[in-house]
Amino acid sequence: MTPVVEISADAETTGSRVAERIAALIEAKPDAVIGVATGSSPEPVYRALARHIDNGLDASAVSWFALDEYVGLPLGHPQSYRAVLERVLIDPLGLDAASLHVPDGAAADPDEAAQAYELALAGTTVDLQILGIGENGHIGFNEPGTPFTTTTHRAGLTRSTRMANARFFDSVDLVPAECLTQGLATIMRADRIELVAFGERKAAAVAAALCSPVTEQCPASILQTHPDVRFGVDADAAGGLREMHCVPG
Ligand code: F6R
């Protein structure tokens, strides 16, 4: 099935729509397993979800699984993805930090930590996975050229990804060069996927993901082969679709 594309006026509207679907999932399945991304794109979703909690949604039995984590940041570093997710998701929603699972990027043996995370994921089914997309088409931290068959693994970050994330650090050199990330095969096991992308900078990646041939050079293009994917984008991020006269879904 082709991914569905939902174009909204702005990021907050997309966030509200995605959060509504997540809230409906939690109401139907209180112990749902939800995969969460870090970065700027999903923040409107988490903000909108917090409003559902304020209005009485009970998410206390949900398990949350992060997509990825930097390797080498000390435990508790404010830019570690565990710390970020605690700040933008766990605390505002009033959830128990124990419900959040993140690969252990501070482990003495990161490869072993990647395997342990894959094992934890293998024992469950992610009901809904939230994704962002990199300007180069990465999902999770699966950079272009990553085999579609990968499971959770240790990976290097490209210079362009480190530069894109330098806004969260004092300089690009402080952005870790490695991460642990769910692999593309891991992500594809999720029952449902909601990818969100905003702004002109994401337009080319969104268009390549949806309208170009499925290729490892654009990791997000694998989503064309998933049975239940929705891209929630604003008008700017949809710009490349118009240019390519591509109207999926
Ligand atoms: C984050 C992640 C990445 C980001 C992507 C977009 O957990 O896995 O794939 O989703 O780099 O980042 P933002 O949303 O900050 O533009």
Side-chain angles (χ1 to χ4, degrees), residues 1-28 32 34-57 59 62 64 67 84-85 87-89 91-93 127-140 160-161 164-165 167-168 187 190-212 218-224 226-249:
M1 204 179 105
T2 324
V4 172
V5 180
E6 183 178 77
I7 303 174
S8 303
D10 50 47
E12 293 306 317
T13 309
T14 296
S16 299
R17 289 177 166 175
V18 175
E20 238 160 67
R21 291 189 284 271
I22 296 173
L25 167 67
I26 297 172
E27 266 158 22
I34 299 181
V36 284
T38 322
S40 306
S41 309
E43 291 195 6
V45 178
Y46 304 148
R47 277 196 290 275
L49 203 50
R51 293 196 290 274
H52 284 272
I53 301 278
D54 289 346
N55 291 331
L57 177 71
V62 173
W64 310 87
L67 269 177
V84 171
L85 284 167
R87 229 165 29 236
V88 301
L89 178 78
D91 294 345
L93 272 67
D127 294 293
L128 187 149
Q129 175 67 54
I130 302 165
L131 292 178
I133 185 171
E135 289 170 44
N136 62 5
H138 71 220
I139 50 175
S160 73
T161 296
N165 288 4
R167 66 191 192 281
F168 300 117
I187 293 170
D191 270 355
R192 242 164 95 188
I193 295 179
E194 294 263 3
L195 184 148
V196 288
F198 308 113
E200 230 176 286
R201 282 178 25 245
K202 298 293 174 74
V206 167
L210 289 167
C211 307
S212 295
C218 177
S221 67
I222 195 176
L223 299 174
Q224 292 178 36
H226 190 284
D228 194 348
V229 178
R230 188 184 301 257
F231 275 51
V233 296
D234 65 3
D236 289 337
L241 299 176
R242 284 191 300 274
E243 266 167 39
M244 287 177 80
H245 304 290
C246 166
V247 192

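Numbering starts at 1 and runs along the sequence shown. Here the structure is a predicted model, which is why all the values come from computation and not from measurement.
The side-chain heavy atoms of Glu194 and Gln129, taken from C-beta on, include no pair separated by under 4.5 Å. For the pair Arg230/Arg192, no side-chain contact is recorded, criterion being any heavy-atom separation below 4.5 Å from C-beta on. A 4.5 Å side-chain heavy-atom check between Pro44 and Thr14 finds every atom pair outside the cut-off. Within the 4.5 Å cutoff, the side chain of His138 has heavy atoms near those of the Thr161 side chain. Side chains of Asp228 and His226 form a contact here, defined as non-hydrogen atoms less than 4.5 Å apart. No side-chain heavy atom of Ser160 sits less than 4.5 Å from a side-chain heavy atom of Glu135.
Contact between Gly132 and Leu195 at its shortest, heavy atoms only, is O-CD1, 3.9 Å.
Atom CZ of Arg201 has 12 or fewer heavy atoms from other residues, nucleotides or ligands within 6.0 Å.
Asp127 pairs with exactly one of Leu25, Ile26, Ile34, Val62 by the side-chain contact (heavy atoms from CB on, under 4.5 Å) rule, that one being Leu25. Of the residues Leu67, Asn165, Leu85, Val88, the one that meets the side-chain contact (heavy atoms from CB on, under 4.5 Å) test with Thr38 is Leu85.
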Next item on the list: Decide yes or no on side chain to side chain contact (heavy atoms under 4.5 Å, CB included) for Ile187 and Ile222, but give the supporting numbers first.
Entry: CA-CA 10 Å; Ile187 293 170; Ile222 195 176; over 6 Å; no
Next item on the list: For side chain to side chain contact (heavy atoms under 4.5 Å, CB included), just list the numbers for Phe168 and Ser40, CA-CA rounded to whole Å, side-chain angles, deciding distance to a tenth of an Å, and then say yes or no.
Entry: CA-CA 10 Å; Phe168 300 117; Ser40 306; 3.9 Å; yes
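The side-chain contact (heavy atoms from CB on, under 4.5 Å) check on Ala204 picks up nothing, with sequence neighbours excluded. For Asp10, the side-chain contact (heavy atoms from CB on, under 4.5 Å) partners at least two apart in sequence or on another chain are Glu12, Thr13. The side-chain contact (heavy atoms from CB on, under 4.5 Å) check on Ala205 picks up Ile133, with sequence neighbours excluded.
Checking side-chain atoms of Gln224 against main-chain N and O of Ser212 turns up a donor-acceptor pair under 3.5 Å.
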